[in-house]
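What follows is one structure encoded as structure tokens, with my remarks underneath.
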Amino acid sequence: MARILVTGGAGYIGSHTRYFLEKSGHSVVVVDDLSRGFKQAVPDGALHQVDTRDTAKLTSLMRQERIEAVIHFAAYISVGESTQRPELYFSNNVCGSLSLFEAMLEAQVKCLVFSSTAAAYGIPAKVPILEDEPYAPINPYGESKVMVEKILEWLDRYREFRSIRLRYFNACGAEPQSGLGERHDPETHLIPLMLRAIQTGKPVTLFGDDYPTPDGTCIRDYIHVSDLAQAHIVAIEHLLGGGKSDVFNVGTGAGQSVKQVLAAVEKVTGKKVPHTIGPRREGDPPSLVADSRKLQNVLGWRPERANLEQIVADAWAFAQNVTA
Ligand code: UDP
């Protein structure tokens, strides 16, 4: 069992991964600057409020806590915001990551799992998407993740710094046992916004119904956050066991349209989702679906909660608790 540093552990995917790491017997130290995360998502005593750009603090923390490996989530994630303030994204996501890697090298920690994104592919030529699809980001958020992926490729080549890059598709749902769930401020993601529309009566806007897809709305690959968390655990255990650097998509392989998500939300909640149809959102590719067979074949991971209604039910249980 290892001592693992989780950056961004007060965020949505980071907090779920911390929860499952501890369940698997690992010991976890969380770093989060709380600029976007929630203190309540981290158990008392585990949280260190540090900006990832503070290399010296990270180095001494890793030495003090005898850290053996790092899972790096800390980043800004909003595509829209990244087009308004690209500098913020390059500073936090790229400079923050580089600072963390320098601290790791200084502290002799050379195993990292990095949270990357399907946004690295931009508008892919082929769907389902394989990992060898070229980098083609179409917004500063995606570019910031690609820049870090490239830094990691060079560190692997020249510094024996091993890393697994996980390219997530659409994380959603919540782990019912954990009390954790999806909270962003502002919220921009489809499922929480649909649930909120039910709770508040304020309609959610569906961004475009004239895409070249069967029902005209965008198709995405919705992956349960607990399955995503498990992918990090198999990845870090692979590296701790001496495994080599690699990159993997993390999705279910099944695409769902915005209208199919709406139908699932209505079925699970038994309520109508107030909604309007609006224009397309800039930078939204028509269809993003992962080919995740590599992760299944190489690391033995399987999505166990791929059922959309299950995902929505878990998200709904959390949303009802939050407002209660
Ligand atoms: N979407 C929508 N209305 C919203 C938010 C999202 O129609 O208020 C659509 C969006 O265009 C995309 C899908 O829902 O096709 C998933 O978007 P989300 O922002 O959840 O994740 P993304 O795919 O951008 O990572």
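One-based numbering, in listed order, for ligands and for the atoms of each.
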- Query: Is the distance between the ring centroids of His16 and Phe20 less than 6.0 Å?
  - Reply: no
- Message: Checking one residue: Val273. Which other hydrophobic residues are in its cluster under the side-chain 4.5 Å linking rule?
- Response: Leu190, Ile191, Leu193, Met194, Leu195, Ile198, Val204, Leu206, Tyr222, Val258, Val261, Leu262, Val265, Val268, Ile277, Leu308, Ile311, Val312, Trp316
- Using a side-chain heavy atom cutoff under 4.5 Å and only I, L, V, M, F, W and Y, what cluster partners does Tyr135 have? Val146
- Hey, does the Lys NZ or Arg CZ of Arg281 hover above the aromatic six-ring of Phe207, less than 6.0 Å from the centre and inside 45° of the axis? no
- Between Asp221 and Thr252: side-chain donor-acceptor atoms closer than 3.5 Å: yes
- Message: Going by the rule salt bridge (charged side-chain N to carboxylate O under 4.0 Å, His left out), which residues pair with Glu102 if we only count those two or more places apart in sequence or in a different chain?
- Response: none
- Query: Taking any residue with a non-hydrogen atom under 4.0 angstrom from an atom of ligand 1, which ones do you get?
  - Reply: Asn170, Thr188, His189, Leu190, Leu193, Val204, Thr205, Leu206, Phe207, Cys218, Arg220, Tyr222, Val258, Arg281, Asp284
